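Hydrogens, waters and symmetry mates play no part in the numbers below; they use all other heavy atoms, side chains included. Please read all numbers here as calculations on a predicted model, not as lab measurements. A, B, ... follow the sequence lines: proteins, then strands. Residue 1 opens every chain.
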Number of protein chains: 2
Amino acid sequence: MEQPSRLAGTVRPGGRTARVRAAVLDATQDELVERGFHGLTMDQVAAKAGVGKTTVYRRWKSTTGLVADLMNELANQSSPHADTGDVEADLRANALAVLEALNDGRLGATFQAVIAAATCDEQASQALRAFYLRRIEEWATVVDLAVKRGELPAGTDGPEVIRAISAPLYYRLVVTREPVDHAVAEASVARTLAAARAGAFVTSHG
Amino acid sequence: MEQPSRLAGTVRPGGRTARVRAAVLDATQDELVERGFHGLTMDQVAAKAGVGKTTVYRRWKSTTGLVADLMNELANQSSPHADTGDVEADLRANALAVLEALNDGRLGATFQAVIAAATCDEQASQALRAFYLRRIEEWATVVDLAVKRGELPAGTDGPEVIRAISAPLYYRLVVTREPVDHAVAEASVARTLAAARAGAFVTSHG
DNA sequence: CCCCTAATGGGACGAGAGTTCCGTTAAGAT
DNA sequence: ATCTTAACGGAACTCTCGTCCCATTAGGGG
């Protein structure tokens, strides 16, 4: 009579349920690579995953639910920050990691799909924000260490520096739709570092 | 027997055809504000525009065609660059113009829709690229003038400076989904300018 | 002013997405 | 090992989207 208070798939997270989830999310990524978010359908995902489409609708509700869950899955795979003892090398490592992710067929397609889904779905939007805030926080550490070593001015805003590294890459990928290559990544590192050394990332207020 | 070599609506661009196009693009923007690109349907657009749905399908083919045409329409509305005689003021004017556009209900929704459409449609992708390359080129002039006045190092890459101003705003809007406010715009100007003055935007090769 | 035809619009049609019902399977507790 | 029931899967159904056909309307040249 009463609806279960928890979502389907959370009470018995054992073997079959986990296998189904893995198969569905995997099929979702395949479909995103082939057709993009706009061409993603619950039917096709179910077929490719070898799963009943009833199950997909029951557990994920909609295509935006699929990509949001996919993003949450990726968020759990941590990417630890570099620590070479040199800010420039650390920031370059970050830029190259982002570059590689964006140019990877599967990951790049997934990011673009979630970005597209987030423009009109709150669940996907939250998944996206959570993913990046976590990554930014993790990598901001390299800036704090650089400040401690005296490489950057005291009060330099770590998360903002990390955002500044990524921003030009994503801007080209998703807004101006220009190629995102090694040179773009290097330039971003050089410019961000120049600004940081000049104190442009120091939080002004007390 | 033979298909007309031009698209429908291009042979008689007179009164009715123009009225239909205006009504359809207007309805498209309304729908984008309300439902986002993912919720955009040809049917709804036709209904809201007070136009037969056959007409919408014939002239625009698909929802991505609608947003691509909308973007091309916006591209024709030029936004001339500022010229205050001071780079910082000029770049700030640019940042504030972008900020205002992104936070405007209709324009902001339209940009996000075209960005979403471009992730899986070549036509929308090209419309987006054309729009921004034109704007970037237009505003790059303020950097060239600044170089002539001696405010920035010779060889500073104008288009890259303009991209650097916008990138953090779009990055927050569309990737990390954080608020885009006045402070973000100001910070972007300050950081870009610091890097530019340090020569980080000088094209290195001969 | 009249004619030609580009362009529009209504309605019927087929395909595919999304929903519901109910029988079947297997996780996990005893 | 057995039992309970969470979770899955097949199949029928509905509804909306996208396409097609043909009658009607209105540019724009003569």
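- Under the 30°/60° scheme for interplanar angles, the aromatic rings of A:Tyr170 and B:Tyr171 are found to be tilted.
- A:Leu66 places its CG atom 13 Å from the C1' atom of C:dG18, with the value rounded to the nearest Å.
- Residues from residues 33-51 of chain B lying near DNA chain C, meaning a heavy-atom separation below 4.0 Å, are B:Val51 in numerical order.
- B:Asp181 and B:Arg172 are not joined by a salt bridge, as no carboxylate oxygen comes within less than 4.0 angstrom of a charged side-chain nitrogen.
- In this structure, the ring of A:Phe37 has its center no less than 6.0 angstrom from the ring center of B:Phe37.
- A salt bridge is absent between B:Glu137 and B:Arg134: the closest approach of a Lys/Arg side-chain nitrogen to an acidic carboxylate oxygen does not fall below 4.0 angstrom.
- Side-chain contact between A:His182 and A:Leu96: present, with at least one pair of heavy atoms (C-beta onward) separated by less than 4.5 Å.
- Computed from coordinates, the B:Arg21 CZ to C:dT8 P distance equals 12 Å when rounded to whole Å.
- For the segment residues 115-123 of chain A, the set of residues with a heavy atom within less than 4.0 Å of an atom of DNA chain C is empty.
- Within a 6.0 Å sphere centred on CD of A:Glu100, heavy atoms belonging to other residues, nucleotides or ligands number 12 at most.
- Taking the side chain of B:Tyr57 as heavy atoms from C-beta on, and the options C:dG9, C:dG18, D:dC17, the nearest nucleotide is D:dC17.
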Within the sub-3.5 Å range, which N or O atoms of nucleotides 20-22 of chain D have a protein N or O partner, and how far apart are they?
none

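- B:Glu73 places a side-chain heavy atom less than 4.5 Å from the side chain of B:Leu25.
- Contact annotation: the side chain of B:His81 never approaches that of B:Asp90 to less than 4.5 Å [non-hydrogen atoms, C-beta and beyond].
- Under the 4.0 Å criterion applied to side-chain N and carboxylate O atoms, B:Glu138 and B:Arg135 are not assigned as salt-bridge partners.
- A:Arg59 has no carboxylate O lying under 4.0 Å from a charged side-chain N of A:Asp69, or vice versa, which leaves the two without a salt bridge.
- Note on B:Arg129 versus B:Glu122: salt bridge recorded, some NZ/NE/NH1/NH2 to OD/OE distance being below 4.0 Å.
- Counting only heavy atoms from C-beta on, B:Arg19 has its side chain closest to D:dG27 among C:dT8, D:dG27, D:dC8.
- A:Thr55 has a side-chain polar atom (N or O) that falls below the 4.0 Å cut-off from OP1 or OP2 of D:dG9.
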